[in-house]
Student: 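Sharing a structure, written as structure tokens. Questions coming.
Proteins come first, then strands; the chains are lettered A, B, ... in the order of their sequence lines, and each starts at number 1.
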There are 2 protein chains.
Amino acid sequence: MVSSAGDNVCETLSEPLSQVMTLLGKRWTGVVWSTLMQGPVYFSDLKRGIPGINDRILNERLVELVDLGLATRTVIDGRPIRVRYELTGRGAAIRPALDELTRWAQEHLQPPAR
Amino acid sequence: MVSSAGDNVCETLSEPLSQVMTLLGKRWTGVVWSTLMQGPVYFSDLKRGIPGINDRILNERLVELVDLGLATRTVIDGRPIRVRYELTGRGAAIRPALDELTRWAQEHLQPPAR
DNA sequence: TGGGTTACTTAGAAAAAGTAAGTGGGGTCG
DNA sequence: CGACCCCACTTACTTTTTCTAAGTAACCCA
């Protein structure tokens with residue numbers, strides 16, 4: 001769609017941006033992905049470190065990230081058994097975007113009501 | 001939470017990033033926001049330009065963006081009446097993040113199956 | 001035994017998103 | 001006139017997603 005004189009006709013969003021926004025458009029994906037940015041984390045620590053998330057969705061989102069090749073899952077055979085998740089290079093490469101999102105939010109979103 | 005020697009204990013995500021990820025974590029918000037980036041658009045053109053979105057959710061997401069001060073809504077009293085949506089300065093300021101997301105997706109997401 | 005840990009899994013409820021049709025205001029055409 | 005079109009929502013209902021709560025199996029300890 002091309003913008004004609006004076007009209008506000010709208011172009012379809014670029015496929016890459018549309019795809020990543022669809023990815024982020026599932027509840028908790030962005031939060032989990034961003035949290036993994038700090039390095040390898042155990043499932044239980046992720047659960048404790050993300051306020052409001054439930055086991056079920058945490059597991060589901062982690063599986064999705066792993067299936068997309070954005071994270072790896074490593075079973076640590078200790079007592080008790082623990083599972084560690086870590087971003088792959090591809091998953092970690094989104095950092096510049098996260099930095100820009102953080103910058104935008106710091107400037108334009110207000111702190112939550114206390 | 002502080003990472004102790006050898007442990008993978010996890011820090012809570014920064015509040016700004018958590019907030020913007022929660023915003024983007026609603027289906028269609030990111031797609032609608034990104035689409036408005038190209039300039040003022042009529043509701044009907046938005047609907048035609050975003051494959052897969054329905055009136056109901058499009059309206060709801062636009063209302064949310066307006067309520068958050070990220071977009072404005074202007075009624076154009078023509079024949080037929082039309083409504084135009086446009087990002088505010090705050091809403092438009094997210095562009096650097098969108099550019100980074102696009103860059104990441106171009107490099108790390110594969111094109112959808114044909 | 002009861003309590004704790006772990007990473008899921010299951011069952012059902014609640015919320016969100018999707019689908020289809022409608023509303024009220026306008027218009028054109030046969 | 002009726003039938004169709006446009007517009008921006010709105011309504012009613014269905015389907016999907018997310019949430020809540022409890023459970024599982026494997027371990028540990030007092």
Student: Taking 4.0 Å as the cut-off, does a side-chain nitrogen or oxygen of R82(A) come that near to OP1 or OP2 on dC8(C)?
Tutor: no
Student: In whole angstrom, give the distance that lies between atom CD1 of I57(A) and atom C1' of dT18(D).
Tutor: 5 Å
Student: Send over the distance from R61(A) CZ to dC19(D) C1', rounded to a whole Å.
Tutor: 12 Å
Student: Please report the distance, rounded to the nearest Å, between CD1 in I81(A) and C1' in dC8(C).
Tutor: 11 Å
Student: Looking at the side chain of F43(B), which of dC9(D), dA7(C), dT18(D) is the nearest nucleotide?
Tutor: dC9(D)
Student: So if I apply the side-chain contact (heavy atoms from CB on, under 4.5 Å) rule between L46(A) and each of I53(A), L62(A), V83(A), which one comes out positive?
Tutor: L62(A)
Student: How many angstroms lie between atom CH2 of W33(B) and atom CG of L87(B), to the nearest 0.5 angstrom?
Tutor: 8.5 Å
Student: Measure from CG on N59(B) to P on dA16(C) and round the result to the nearest Å.
Tutor: 16 Å
Student: To check you understand the geometry: which heavy-atom pair defines the closest contact between E11(A) and T35(B), and what is its length?
Tutor: O-CG2, 4.2 Å
Student: Identify the two heavy atoms, one from L24(A) and one from G30(A), that lie closest to each other, and give their separation to 0.1 Å.
Tutor: CD2-CA, 3.8 Å
Student: Side chain of R56(A): nearest nucleotide among dT20(D), dA17(C), dC8(C)?
Tutor: dT20(D)
Student: Ignoring hydrogens and angles, tell me if any N or O in the side chain of S18(A) forms a donor-acceptor pair with the backbone of L13(A) under 3.5 Å.
Tutor: no
Student: Identify, residue by residue, the members of residues 23-34 of chain A with a heavy atom below 4.0 Å from DNA chain C, and return them in order of residue number, or none.
Tutor: none
Student: Would you check if there is a donor-acceptor pair between the side chains of R73(B) and Y85(B) at a distance under 3.5 Å?
Tutor: yes
Student: Could you state the atom-to-atom distance from CG of L58(B) to C1' of dT11(D) in whole Å?
Tutor: 17 Å
Student: For the side chain of S44(A), starting at C-beta, report the closest nucleotide among dT10(C), dT6(C), dT19(C).
Tutor: dT6(C)
Student: Send over the distance from K47(A) NZ to dA21(D) P, rounded to a whole Å.
Tutor: 14 Å
Student: Report the distance from atom CD of E86(A) to atom OH of Y42(A), rounding to the nearest 0.5 Å.
Tutor: 11.0 Å
Student: Take the protein atom CG of D55(B) and the nucleotide atom P of dT23(C), then report the distance between them rounded to whole Å.
Tutor: 16 Å
Student: Tell me whether the side-chain N/O atoms of R48(B) come closer than 4.0 Å to OP1 or OP2 in dC6(D).
Tutor: no
Student: To the nearest Å, give me how far apart CD (E60(B)) and C1' (dA12(D)) are.
Tutor: 15 Å
Student: Residues from residues 62-79 of chain B sitting under 4.0 Å of DNA chain D, heavy atoms only?
Tutor: R73(B)
Student: Taking atom types as they are modelled, is there a donor-acceptor pair under 3.5 Å from the base of dC19(D) to the side chain of N54(A)?
Tutor: no
Student: Would the distance check show the side chain of W28(A) and the main-chain N or O of L58(A) forming a donor-acceptor pair, the cut-off being under 3.5 Å?
Tutor: no
Student: Got a donor-acceptor contact below 3.5 angstrom from the Q19(A) side chain to the P16(A) backbone?
Tutor: no
Student: Please list all pairs passing the side-chain hydrogen bond (donor to acceptor under 3.5 Å, both in side chains) test where one or both residues lie in residues 89-102 of chain A, with sequence neighbours left out.
Tutor: E100(A)-R103(A)
Student: For dT5(C), does either OP1 or OP2 sit under 4.0 Å from a side-chain N or O belonging to Y42(A)?
Tutor: no
